[in-house]
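Quick note: numbers below take in every heavy atom, side chains included, and nothing from hydrogens, waters or symmetry partners. When a ligand or atom number is given, it counts from 1 through the structure's own listing order. Along the sequence shown, residues carry numbers from 1.
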Amino acid sequence: MKKTVLVSGGAGFIGSHVTVELLQAGYEVVVADNFSNCDLTCFEDVKKITGRADIPLEKIDFCDEAAAKGIFKKYHFDAVIHFAAFKAVGESVAEPLKYYKNNLVSFLNVLEAAKEVGGCNVLFSSSATVYGEPEKVPVTEDTPRQPAMSPYGNTKTMCEDILQDTVKASGGTIKGILLRYFNPIGAHPSALIGELPRGIPNNLVPFITQTAIGKRECLSIFGNDYPTPDGTCLRDYIDIVDLARAHVFAVTRMMEGKMKKDCEIFNVGTGRPVSVMELVNAFQKVNNVKLNYKIAARRPGDVTAIWADPTLANKELGWKAERSVEDTLKSAWAWELHLAGK
Ligand code: UFG
């Protein structure tokens with residue numbers, strides 16, 4: 001019988017790409033989402049890409065404990081991947097309670113529900129944000145975490161601890177994997193699904209594509225006086241499909257009992273630092289478009305440089321990021337053109 005994975009937040013940017021990869025790898029997927037930050041289009045397009053009109057969809061909010069428990073009773077899950085969370089750093093500073101409540105309570109309910117049915121494999125979507133401004137780059141999983149710079153970041157750190165403690169107390173019934181994502185960018189090669197920020201994008205690549213298409217007037221490059229080769233910040237931009245594939249390897253490892261510890265942590269990055277300026281130039285070159293940009297002041301809270309040492313994930317998961325930054329930037333542009341109906 002096929003193994004079934006619950007993807008909470010499965011209609012969002014990362015969740016939808018993960019759903020596609022899981023289905024294509026032969027897993028059954030139940031998508032659950034409260035559609036607070038996305039609409040049905042993406043889910044419908046996942047059906048088109050996979051040729052699966054019958055993907056079960058549960059419109060639920062994981063902050064509703066009874067609903068979370070209900071879904072674990074309705075299906076048997078071999079693993080759950082938890083994405084359902086708010087993710088805007090700036091908003092989390094302005095509305096910390098909204099972030100703590102939503103991101104913590106939804107995860108607590110998933111874990112309670114998993115516990116109530118006798119346990120489950122749990123994969124949590126963490127972030128490189130837990131490393132803060134690292135003293136040494138690239139960062140390995142053993143690089144010490146730093147105090148979070150925003151309530152959003154703090155919810156990632158806290159959920160990591162919640163999962164570790166829950167696994168420890170579960171007597172082996174709950175196993176956990178924490179994937180620490182670096183900067184996911186790009187879109188599915190079909191150009192049918194991609195990132196759909198509401199309002200003004202916070203992240204670099206959506207801002208670039210929206211500027212290139214004329215939705216935004218000008219991209220601001222936040223600071224060119226950082227102690228980096230070209231003065232702009234360094235990040236590890238990882239293709240969204242590569243990132244999604246890492247989840248397939250991780251859930252397979254859990255289900256096949258190949259974990260070396262009951263709770264494991266992996267960096268999901270490329271190991272390749274790219275500066276903001278390099279990314280902007282690469283976007284213009286590979287897509288043959290001119291971008292209106294200016295150098296602006298630094299953005300408060302930005303770290304200077306962070307990129308992954310992905311050796312552990314490469315070795316233990318048997319996963320490696322494959323797509324070049326150029327191909328990923330082409331996919332991001334194809335997605336923006338698709339949105340514009342071009
Ligand atoms: N940048 C610009 N102009 C923009 C947007 C971003 O120059 O309009 C720069 C930023 O200053 C940064 C780089 O592009 O140097 C990447 O910025 P993003 O906002 O795309 O990504 P971050 O690295 O800031 O964000 C990531 C994750 C978040 C996480 C955050 C923690 O996407 O989930 O790190 O700092 F919370």
Within the structure, does Cys233 bring an N/O atom to less than 3.5 angstrom of an N/O atom in ligand 1?
-> no
Evaluating non-hydrogen atoms only, which member of Phe182, Tyr131, Phe222, Tyr181 is closest to atom 7 (O) of ligand 1?
-> Phe222
Once the angle between the rings of His82 and Phe62 is folded into 0 to 90°, is it parallel (under 30°), tilted (30 to 60°) or perpendicular (over 60°)?
-> perpendicular
Verify atom 34 (O) of ligand 1: protein non-hydrogen atom under 4.0 angstrom away = no
Answer yes or no: is there a donor N or O on one side and an acceptor on the other, between the side chain of Asn314 and the main chain of Trp319, under 3.5 Å?
-> yes
For ligand 1, which part of Val276 has a heavy atom less than 4.0 Å away: the side chain, the backbone, both, or neither?
-> side chain
Would you please classify the geometry between the His17 ring and the His188 ring as parallel, tilted or perpendicular, with 30° and 60° separating the classes?
-> tilted
Measuring from the heavy atoms of Gly153, does anything fall under 4.0 Å of ligand 1?
-> no
Note, Thr328 side chain near Tyr237 side chain (heavy atom, < 4.5 Å) = no
Under a heavy-atom criterion of less than 4.0 Å, does Tyr293 contact ligand 1?
-> no
Ligand 1 contact on Ser220 by region, counting heavy-atom pairs under 4.0 Å = backbone
Give a yes/no on ligand 1: does Arg235 have at least one heavy atom closer than 4.0 angstrom to it?
-> yes
Shortest reach to atom 22 (P) of ligand 1 by a heavy atom, considering only Thr304, Val303, Asn183, Thr129 = Asn183
Ligand 1 contact on Tyr237 by region, counting heavy-atom pairs under 4.0 Å = side chain
Does the protein place any heavy atom closer than 4.0 Å to atom 16 (C) of ligand 1?
-> yes
When the ring planes of His247 and Tyr181 are compared, do they come out parallel, tilted or perpendicular, using 30° and 60° as the limits?
-> tilted
Hey, is the main chain of Cys63 close enough, under 3.5 Å, to the side chain of Asp61 for a donor-acceptor pair?
-> yes
Look only at interatomic distance and state if Lys87 has a nitrogen or oxygen under 3.5 Å from any nitrogen or oxygen of ligand 1.
-> no
Between Asn202 and ligand 1, find which residue part has any heavy-atom pair under 4.0 Å and reply side chain, backbone, both or neither.
-> backbone
